[in-house]
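Right, one structure below, let's go through it.
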Amino acid sequence: MDWEGLREQAVEMMRRAYVPYSRFPVGVAGLVDDGRVVRGCNVENASYGLTLCAECGMVSELAATGGGRLVAVACVGGDEQLLMPCGRCRQLLWEHGGAECLLHTPEGVLPMREVLPQAFGPDNLVRP
């Protein structure tokens, strides 16, 4: 896995973030199971509740370019260092990558099952 290359793409996206309010840019890049790389950056709004996290943009690109499953993800902040996604975004990563999706965190590479233990997901919605 080329973690440095994935982090570099996340840094590139971080530099494109629209963050006039918080001044906290975030970029993310994810490897898809078919070899594509999808990316995103955060986009703020004067109504803070409508702000889009970088991971939201990445998952939108994933869906818009053919879907698939995330295999590995790197997220960075304005200092270009790895950043742990917020809770909402961890849920997005679980939904589109599952328990084995790898996340490069400030503490090393972790599978989503460790980042979001006992996660709620599509399997919880199956009716008997």
Side-chain angles (χ1 to χ4, degrees):
M1 177 65 225
D2 179 13
W3 286 111
E4 185 56 28
L6 206 56
R7 191 191 69 74
E8 287 173 5
Q9 290 200 49
V11 167
E12 179 183 337
M13 292 307 294
M14 176 272 299
R15 292 185 179 134
R16 298 178 185 188
Y18 176 74
V19 292
Y21 308 106
S22 73
R23 304 216 187 307
F24 189 81
V26 177
V28 66
L31 177 65
V32 183
D33 57 2
D34 64 5
R36 283 178 295 138
V37 173
V38 290
R39 307 176 312 164
C41 62
N42 55 329
V43 178
E44 292 182 345
N45 186 287
S47 172
Y48 285 112
L50 297 179
T51 292
L52 297 174
C53 294
E55 295 85 347
C56 294
M58 179 186 67
V59 167
S60 290
E61 183 178 336
L62 174 68
T65 60
R69 301 291 289 166
L70 293 169
V71 178
V73 175
C75 182
V76 299
D79 60 1
E80 300 185 9
Q81 298 304 305
L82 293 167
L83 182 68
M84 182 60 87
C86 72
R88 174 176 84 162
C89 291
R90 293 179 199 193
Q91 185 67 37
L92 280 173
L93 296 178
W94 182 275
E95 181 83 14
H96 296 279
E100 300 308 314
C101 178
L102 298 175
L103 180 62
H104 200 187
T105 78
E107 296 185 2
V109 176
L110 297 172
M112 283 304 299
R113 67 176 144 51
E114 291 182 31
V115 173
L116 192 61
Q118 299 184 41
F120 181 87
D123 293 343
N124 297 103
L125 299 176
V126 176
R127 296 178 191 227

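With rounding to the nearest 0.5 Å, the separation of SG in Cys101 from CZ in Arg90 is 13.0 Å. Annotation: the span from Thr105 atom OG1 to Glu114 atom CD amounts to 9.5 Å, rounded to 0.5 Å. Within the model, atoms CZ of Arg88 and CD of Glu55 stand 8.5 Å from one another, a figure rounded to the nearest 0.5 Å. Atom CD of Glu8 is separated from atom CG of Asp2 by 7.5 Å, given to the nearest 0.5 angstrom. Here the straight-line distance linking atom OG of Ser22 with atom CG of Asn42 works out to 6.5 Å at 0.5 Å rounding. Here the straight-line distance linking atom CG of Asn45 with atom OH of Tyr21 works out to 6.5 Å at 0.5 Å rounding.
Closest heavy-atom contact between Ala99 and Pro111: O-CB, 3.7 Å. For the residue pair Ala10 and Ala74, the shortest heavy atom distance occurs at CB-O, 3.6 Å. Taking every heavy atom of both residues into account, Arg69 and Gly97 meet most closely at NH2-C, 3.3 Å. Shown here for Met13 and Cys41, the closest heavy-atom pair between the two residues is O-CB, 3.2 Å.
No path of Ile, Leu, Val, Met, Phe, Trp and Tyr side chains, each step under 4.5 Å between heavy atoms, connects Trp94 with Leu83, placing them in separate hydrophobic clusters. By the rule that hydrophobic residues join a cluster once side-chain heavy atoms approach within less than 4.5 Å of another member, Val26 and Leu62 end up as members of separate clusters. Under a hydrophobic-cluster definition in which Ile, Leu, Val, Met, Phe, Trp and Tyr are linked whenever side-chain heavy atoms come within less than 4.5 Å, directly or via other members, Val43 and Val38 are assigned to different clusters.
Trp3 and His104 have tilted rings, their planes meeting at an angle from 30° to 60° on a 0 to 90° scale.
With a 4.5 Å cut-off on side-chain heavy atoms, Gln81 and Pro106 do not count as touching. When side chains are defined from C-beta on, Val37 counts as touching Leu31, because their heavy atoms get closer than 4.5 Å. Residues Phe24 and Val19 have side chains not in contact (no heavy-atom distance under 4.5 Å, counting atoms from C-beta outward). Taking the side chain as every heavy atom from C-beta outward, Met112 and Val73 never approach each other to under 4.5 Å. Side-chain atoms of Met1 and Val71, non-hydrogen and from C-beta on, never get closer than 4.5 Å to each other. Looking at heavy atoms from C-beta onward, Cys75 lies out of side-chain contact with Met84 at the 4.5 angstrom threshold. Side-chain contact between Leu93 and Met58 is present, with heavy atoms from C-beta onward closer than 4.5 Å. Gln91 is listed as a side-chain neighbour of Leu116, based on a closest heavy-atom distance under 4.5 Å.
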Step-by-step side-chain contact (heavy atoms from CB on, under 4.5 Å) determination, Glu12 to Arg39: CA-CA 9 Å; Glu12 179 183 337; Arg39 307 176 312 164; 3.3 Å; yes
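Taking 4.0 Å as the cut-off between side-chain N and carboxylate O, Arg7 and Glu4 count as a salt-bridged pair. In this structure, Glu44 does not pair ionically with Arg23, as no charged nitrogen and carboxylate oxygen lie closer than 4.0 Å.
Listed by chain and residue number, Asp34, Thr65 satisfy the side-chain hydrogen bond (donor to acceptor under 3.5 Å, both in side chains) test with Arg36 (two or more places apart in sequence, or in another chain).
Here the rule is side-chain contact (heavy atoms from CB on, under 4.5 Å) with Val109, and of Leu82, Leu103, Leu102 only Leu102 fits it.
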